[in-house]
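All residue numbers refer to positions in the sequence shown, counting from 1. The figures here come from the full heavy-atom set of this structure, side chains too, leaving out hydrogens, waters and symmetry mates. Note that this is a predicted model, so its numbers are computed, not measured.
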Amino acid sequence: MGTTRHSLTNSVSHAAIGQLQRLGVDTVFGIPGVHNQGLYDALIDSPDIRSIVSRHEQGAAFMADGYARASGRVGVCFVITGPGLTNAATALGEAYADSVPLLCVVTCYREPLVGRTRRLHDLKNQSQLLSGLVKETFRVATPQDIGSALEAALQKAVAGRPGPVAVEIPLEFLDIEAEPETALASAVLGATSTSGARRTQTAYQEPPESAEALQMLEAGKLPVVIVGGGATRAAGQVIDFVDRLQALVVSTAAGKGIVPHRHPLNLGAWLKATEVQKLIARADPLIMLGTEWSPTDLGEHPVSLPANTIRLNTDTDIPPISGVTIRAEVGPTLAAWTLKLAQRKPYTDQMNVANLRATTLREPRRWPTEVPGYLEAMHNILAQDAIIVNDMNTLSYAAVERYPSNAPGTFFFPRGYGTLGYALPAAIGARSACPDQQVVAICGDGGFLFSSEELATAARYGMNLPIVIWNNHSFGAIRATRSAAYGRSVDDDLLNPDFVRLAEAYGCHGVRVTDPAGFSVELSAALVRSGPTLIEIDAPL
């Protein structure tokens, strides 16, 4: 181990960056600080890894989230020990709740002093904090461990139910010379795991519960499929399976687009609709694909699952249900089932999908009557594979049910953790991952100010990114639910800045619209503009 200096090209930081590059990482999001400057110095010598610098660590982690959802690869963020990590904590919690593979590389002190926080940026117990936010934390014990720790972390992020992981690197290691065996170990590990940032494809093995599931599929009379985000990368197999059975399909918010909305058997993301819940209750069988059956998807009146339910999921932590629970990959399992059901006569006694859609559309909703017009305008303009990145706001709540998604992995919604401030930074991450696809962020006026500083990031990197703000001058959704529950409301009104002038101050284009026609004009212009555009919708309550 050599002496400390700041211009080594074979430092432990260089070994770390080299290992990330070998493992397929091409973009990192973060903020350089005094406690991770070695990593950023090493990035200078690795031009194949792009660095996107955010204006807040929460934004960096949300960007990594958006990058992961858009690309199907692990999103990576760099944060410093202490405040960098605590700033990123909310985004890590969102990634955990929504099963998003994310790697947080965070520095630490080599020997934590539990109960003594006298060093700059130190936490009382950083590892314990991380344990409540990520699937697993890998703490680098020696400089020689850096390569194996990063590889193990990336594999863990995509194994089973995907999620965030963290690698803690002691500050004392960053700027020291890496011993030859450190670099060698990294090279060997990298050479054997070049796909470490993606889910590894393994040979299909028939789950032992498949026989029972196939019997239920053979004997059933009204098959209904609920498709969730865990099936995003298996869209082709899901569609083949649905077509073979002629099964009706309902999606969760995370599952939108896996079966295209235009598919004749797709009912849409209407899990909260009364008629759809009645249909699910009498499904025979109900087939749940890649969904945890989250309460946030079901609303205030969750439906009971029928006894003959088949649940297919990689998550080993989901509770058992009545019926059959199979913990396996959705894609290969469905492909095998579709082949085995090839001789089965498709179900023909189905409900009329068009009538059911019309019935659900007539159910009363809490959003203003103007909302569908804006969503229709957006759908008419955007490409079929455009990525919609939502925050928690009135327009996005309506979009879950009303926006017709036709491509998998194109509708992002932070529903699992339900945090505000997600849309803008996650859209920046998605734009970084998919520069050839249209990306649109949908925010509310309340949530937008949680991360509005990332306008500077979008402007700095010249991102062609429309940012839509539904401005009802309030925490509108909270007002609606509180008024419904208590008959009155308080502290929901907001005093907002002039969003158009705010955008212009950051170097973005800003415009205000008052109706869907004006919105159409400005969204079309934003999609061909060479930088970000903030479109404020002057919305009713």
Side-chain angles (χ1 to χ4, degrees), residues 16-17 19-21 23-31 36 39 43 48-54 56-79 84-85 87-106 130 133-138 150-159 161-167 195-199 229-230 232-233 254 387 389 409-414 416-417 419 421-435 437 439 441 451 454 457-458 461 463 465:
I17 299 300
Q19 177 69 323
L20 289 175
Q21 184 173 322
L23 291 169
V25 174
D26 62 7
T27 305
V28 298
F29 304 91
I31 297 180
N36 64 5
L39 291 171
L43 282 172
D48 291 337
I49 296 184
R50 173 182 46 170
S51 173
I52 303 291
V53 178
S54 68
H56 191 279
E57 286 90 348
Q58 178 176 272
F62 277 145
M63 290 174 197
D65 178 307
Y67 174 95
R69 298 194 203 214
S71 68
R73 301 161 62 85
V74 179
V76 179
C77 64
F78 286 177
V79 302
L85 176 62
N87 285 342
T90 298
L92 295 177
E94 186 63 63
Y96 185 84
D98 283 353
S99 308
V100 178
L102 190 154
L103 168 62
C104 177
V105 178
V106 54
L130 278 166
L133 298 168
V134 301
K135 288 176 69 177
E136 187 168 341
T137 300
F138 299 81
L150 290 168
E151 181 177 40
L154 284 167
Q155 291 178 344
K156 184 69 176 180
V158 298
R161 175 178 178 168
V165 296
V167 171
S195 62
R198 291 182 182 275
R199 184 185 294 275
T232 299
R233 306 298 164 189
I387 297 173
V389 186
T410 59
F411 192 88
F412 302 173
F413 193 32
Y417 206 39
T419 182
Y422 172 82
L424 172 56
I428 291 172
R431 199 75 183 88
S432 302
C434 302
Q437 282 179 248
V439 179
S451 58
E454 301 304 346
T457 306
Y461 294 98
M463 292 186 173
L465 178 65

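With rounding to the nearest 0.5 angstrom, the CE atom of Met63 is 10.5 Å from the CD atom of Gln58. Here Gln21 contributes atom CD and Leu43 contributes atom CG; the two are 10.0 Å apart, rounded to the nearest 0.5 Å. Here CD1 of Ile31 is found 10.5 Å from SG of Cys77. Values are rounded to the nearest 0.5 Å. The OG atom of Ser71 sits 8.0 Å away from the CG atom of Asp26 when rounded to the nearest 0.5 Å. One finds the OG1 atom of Thr419 at 4.0 Å from the CZ atom of Phe62 (value rounded to the nearest 0.5 Å).
Looking at heavy atoms from C-beta onward, Tyr461 lies out of side-chain contact with Ser432 at the 4.5 angstrom threshold. At least one side-chain heavy atom of Leu92 sits under 4.5 Å from a side-chain heavy atom of Cys104. No side-chain heavy atom of Ile17 sits less than 4.5 Å from a side-chain heavy atom of Val28. No side-chain heavy atom of Val74 sits less than 4.5 Å from a side-chain heavy atom of Val25. When side chains are defined from C-beta on, Val79 does not count as touching Asn36, because their heavy atoms never get closer than 4.5 Å. Met463 has its side chain out of reach of Val439: every pair of non-hydrogen atoms, C-beta onward, lies at least 4.5 Å apart. Counting heavy atoms from C-beta outward, Pro164 and Leu133 have side chains that stay 4.5 Å or more apart.
Across every non-hydrogen atom of Ala441 and Ala423, the tightest pair is CB-O, 4.0 Å. Minimum heavy-atom separation, Ser54 to Thr457: CA-OG1, 3.7 Å. The heavy-atom pair separating Val389 from Ala426 by the smallest distance is CG1-CB, 3.7 Å. Across every non-hydrogen atom of Ala433 and Tyr67, the tightest pair is CB-CD1, 3.4 Å. For the residue pair Thr27 and Val76, the shortest heavy atom distance occurs at O-CB, 4.0 Å. For the residue pair Leu130 and Ala166, the shortest heavy atom distance occurs at CD2-CB, 3.8 Å.
Remark: Glu57 engages Asn87 in a side chain to side chain donor-acceptor pair (under 3.5 Å) (not counting sequence neighbours). For Lys135, there are no salt bridge (charged side-chain N to carboxylate O under 4.0 Å, His left out) partners two or more places apart in sequence or in a different chain. For Ala153, the side chain to side chain contact (heavy atoms under 4.5 Å, CB included) partners at least two apart in sequence or on another chain are Leu103, Phe138, Val165, Val167. By the ring-ring contact (aromatic ring centres under 6.0 Å, His included) test, Phe412 is found to be paired with no residue, residues two or more places apart in sequence or in another chain being considered. With sequence neighbours excluded, no residue forms a side chain to side chain donor-acceptor pair (under 3.5 Å) with Glu136.
With Arg431 contributing its side chain and Ala458 its backbone, the two residues share no donor-acceptor pair below 3.5 Å. With hydrogens and angles ignored, the 3.5 Å screen pairs no side-chain donor or acceptor of Tyr96 with any backbone N or O of Tyr417.
Applying the salt bridge (charged side-chain N to carboxylate O under 4.0 Å, His left out) test to every pair with at least one member in residues 87-104, sequence neighbours left out, gives these pairs: Arg69-Asp98.
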- Message: Quick one, Leu465 with Leu424, criterion side chain to side chain contact (heavy atoms under 4.5 Å, CB included). Give me CA distance, side-chain angles, the key distance, then yes/no.
- Response: CA-CA 9 Å; Leu465 178 65; Leu424 172 56; 4.2 Å; yes

